[in-house]
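Working notes, structure below.
Bear in mind that the values here come from a model prediction, so they are computed numbers and not experimental data.
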Amino acid sequence: MMLFNVFSEYLLLIIAAGIILDFIIGDPRWLPHPVVIMGKLISFLEKKWNHGEHRVQKGLTLTLSVILVVFLVTSTVLFFAYKLHPVLAIILEIYLISTTIAIKGLSTAAKEVLLPLKKGDIIGARKQLSMIVGRDTLNLPEKEIVRGTVETVAENTVDGITAPLFWAIIGGAPFALVYRAINTLDSMVGYKDERYGQFGWASAKLDDLANWIPARLTAVSIWISSLFIKGSKVKQAWKITLRDARKHPSPNSGWSEAMVAGLLGVQLGGINYYKGRKSERATMGDPEKDLTQSDIPKAIKYMHGGWIVFVLIAGIIIFVILS
């Protein structure tokens, strides 16, 4: 019990330190990353179980097994670290939380698309975009490159930053890593196709559930932050968000994307191609102006403003509860 009492008392400081650590080192390749280990476990079990009959049940078993392993391993490691020394456990938790968020990575990825665009290097921009989206980028014009980048920043503000922070605030590193496991499961098996349609059903539904509250809180947080960002179309943003968020294929991703579209005064969504196959997605936002290079740094500002407000709100709530 002492472990959890210590961590609850210093939880906000631990999370703040995790954020700072992410800003400093991001995801260096020389450090072991928990998500890579999760991915290997999921891949091994998927190959072992995703065949024959009862695939929904097998997929549920996969989901529960991975979550249980991640939670037990994380909790056990932190427990024994605490037994060695409380400071060691806190340092370890700071690192583990930092691995679940991608503030630096998301910002850097967007800037790496913007840099060649500024130089007029459309081919280079397409290549950089292809590293962060699943759509075909080979023939995209500048406007579509910007759209892809803005959409990626807006969507990933939730599952790459605020959602893991939300679960870290509730249960520290164990909960944050369980969330990351759920998100990884969804990204690996949560597809609606012949191979994964039944097997990945549980993973996809659980990911929707885990992101439901964070997605909506993130939209609120981005909107509050926009009050301090010059040029934001604050008045119309909520109207557009409430109108368009539900158009997104995901019950959660549309909230941050529609909010950013409304604040920028642009239209997101539309036609994408995946391995040459056309995919038409509902549009979000009103096309008051064309998408331009300047919308990428603005989207990054909303990302940063969103998670900062998100953490401040959480901090106030925790302070009130503890006092």
### Query
Does a donor on one side chain sit under 3.5 Å from an acceptor on the other, for Y302 and S232?
yes
### Heavy-atom check, side chain of D159 versus side chain of N156, under 4.5 Å
yes
Could you give the side-chain donor-acceptor pairs of residues 108-120 under 3.5 Å, partners two or more places apart or in another chain?
unit_1 : atom_1 : unit_2 : atom_2 : d
T108   : OG1    : K104   : O      : 2.8

### Query
Got W167 and V178 here, is their nearest side-chain heavy-atom distance under 4.5 Å?
no
### Task
State, with a plain yes or no, whether a side-chain heavy atom of L291 is found less than 4.5 Å away from one of L268.
yes
### Partner residues of R216 under the side chain to side chain donor-acceptor pair (under 3.5 Å) criterion, sequence neighbours left out
N252
#### Entry: T218 (side chain) donor-acceptor with S256 (main chain) under 3.5 angstrom
no
### Message
Strictly distance-based, threshold 3.5 Å: is any side-chain N or O of D244 a donor or acceptor partner for the main-chain N or O of A258?
### Response
no
### Message
Any donor-acceptor pair under 3.5 Å linking the side-chain atoms of Q236 with those of E288?
### Response
yes
### Message
Once side chain to side chain contact (heavy atoms under 4.5 Å, CB included) is applied, do any residues pair with L72, and if so which ones, sequence neighbours excluded?
### Response
L68
### Message
Keeping H51 on the side-chain end and K48 on the backbone end, is there a donor-acceptor pair under 3.5 Å?
### Response
yes
### Task
Is it possible for you to say whether I101 and V70 belong to one hydrophobic cluster, with membership spreading through side-chain heavy-atom contacts below 4.5 Å?
yes
### Message
So for atom CG, which belongs to L227, do other residues, nucleotides or ligands contribute more than 12 heavy atoms lying within a distance under 6.0 Å?
### Response
yes
### Task
State plainly whether one hydrophobic cluster holds both F79 and I91, where clusters connect Ile, Leu, Val, Met, Phe, Trp and Tyr through side-chain heavy atoms under 4.5 angstrom apart.
no
### Listed partners of S294 passing side chain to side chain donor-acceptor pair (under 3.5 Å), at least two apart
T292
### Task
Take I97 and L177 through the side-chain contact (heavy atoms from CB on, under 4.5 Å) test and state the conclusion after the steps.
CA-CA 8 Å; I97 288 175; L177 281 165; over 6 Å; no
### Query
What do the steps show when you test I313 against S221 for side-chain contact (heavy atoms from CB on, under 4.5 Å), and what is the final call?
CA-CA 8 Å; I313 291 174; S221 299; 4.1 Å; yes
#### Entry: salt bridge (charged side-chain N to carboxylate O under 4.0 Å, His left out) between R135 and E151, intermediate numbers included
CA-CA 12 Å; R135 71 193 69 175; E151 288 174 352; 2.7 Å; yes
### Message
How about CZ on R246, more than 12 heavy atoms from neighbouring residues, nucleotides or ligands closer than 6.0 Å, or not?
### Response
no
### Query
Is E257 salt-bridged to R281, cutoff N-O under 4.0 Å?
yes
### Summary
Tracing side-chain contacts under 4.5 Å among Ile, Leu, Val, Met, Phe, Trp and Tyr outward from W201 reaches V56
### Query
Using a side-chain heavy atom cutoff under 4.5 Å and only I, L, V, M, F, W and Y, what cluster partners does L60 have?
L64
#### Entry: Close side-chain approach of W307 to T157, heavy-atom, < 4.5 Å
no
## Note on the structure
Note: I169 and A314 closest approach over all heavy atoms is CD1-CB, 3.2 Å
### Message
Under a plain distance cut-off of 3.5 Å, with no hydrogens placed, do N211 and Y179 share a side-chain donor-acceptor pair?
### Response
yes
### Sequence neighbours excluded, every pair satisfying ring-ring contact (aromatic ring centres under 6.0 Å, His included) that has a member inside residues 243-275
none
### Message
Is the shortest side-chain heavy-atom distance between P174 and L78 below 4.5 Å?
### Response
yes
### Message
I'd like to know whether CG of L84 has more than 12 heavy-atom contacts from other residues, nucleotides or ligands below 6.0 angstrom.
### Response
yes
### Query
In terms of side-chain geometry, is the basic nitrogen of D295 or K289 positioned less than 4.0 Å from the acidic oxygen of its partner?
yes
### Query
Does one side chain, of R277 or N272, offer a donor that lies under 3.5 Å from an acceptor on the other?
no
### Task
Verify, without hydrogens or angle tests, whether D136 (side chain) and G276 (backbone) share a donor-acceptor contact under 3.5 angstrom.
yes
### Query
CD1 of I222 to NZ of K301: how many Å apart, nearest 0.5 Å?
15.0 Å
### Task
Carefully, step by step, assess R147 and K143 under the rule side-chain contact (heavy atoms from CB on, under 4.5 Å).
CA-CA 6 Å; R147 177 169 74 87; K143 178 183 175 181; 5.8 Å; no
### Query
Within the side chain of W223, is there an N or O that forms a donor-acceptor pair under 3.5 Å with the backbone of A237?
no
### Message
I need the I308 CD1 to T162 OG1 distance, nearest 0.5 Å.
### Response
13.0 Å
#### Entry: Separation between CG of L129 and CD1 of I122, rounded to the nearest 0.5 Å
10.0 Å
### Side-chain ion pair, E46 and R195, N-O less than 4.0 Å
yes
### Query
Quick one: does T137's side chain have a donor or acceptor within less than 3.5 Å of a partner on R126's backbone?
yes
### Task
Test M284 against Q267 for side-chain contact (heavy atoms from CB on, under 4.5 Å), laying out the working first.
CA-CA 6 Å; M284 283 177 281; Q267 190 171 79; over 6 Å; no
### Query
NZ of K83: more than 12 outside heavy atoms within 6.0 angstrom?
no
### Neighbour count above 12 (heavy atom, 6.0 Å) for K58 NZ
yes
## Note on the structure
Of all heavy-atom pairs linking G172 and L11, the shortest is CA-CD1, 4.0 Å
### Task
Identify, with sequence neighbours excluded, every residue that meets side chain to side chain donor-acceptor pair (under 3.5 Å) alongside T99.
none
### Task
State which residues pass side chain to side chain donor-acceptor pair (under 3.5 Å) with H33; sequence neighbours excluded, sorted by chain then number.
D27
#### Entry: Check: R55 side chain, G52 main-chain N or O, donor-acceptor pair, under 3.5 Å
yes
#### Entry: CD1 on I182 to CG on L206, rounded to 0.5 Å
4.0 Å
### Query
Quick check: are there more than 12 heavy atoms from other residues, nucleotides or ligands sitting under 6.0 Å from OH of Y95?
yes
### Query
Do the non-hydrogen side-chain atoms of V35 and R180 ever get within less than 4.5 Å of each other?
yes
### Query
Residues in side chain to side chain contact (heavy atoms under 4.5 Å, CB included) with L217, at least two apart?
F166, I213, F310
### Task
Supply the atom-to-atom distance S225 OG to M259 CE, rounded to the nearest 0.5 angstrom.
9.0 Å
### Query
Of all residues at least two apart in sequence or in a different chain, which pass the side chain to side chain contact (heavy atoms under 4.5 Å, CB included) check with M188?
I42, S43, T184
### Query
Sequence neighbours excluded, which residues qualify as side chain to side chain contact (heavy atoms under 4.5 Å, CB included) partners of I94?
I14, A17, L21, I90
### Message
Distance check, rounded to the nearest 0.5 Å: W49 atom CH2 versus F44 atom CZ?
### Response
8.5 Å
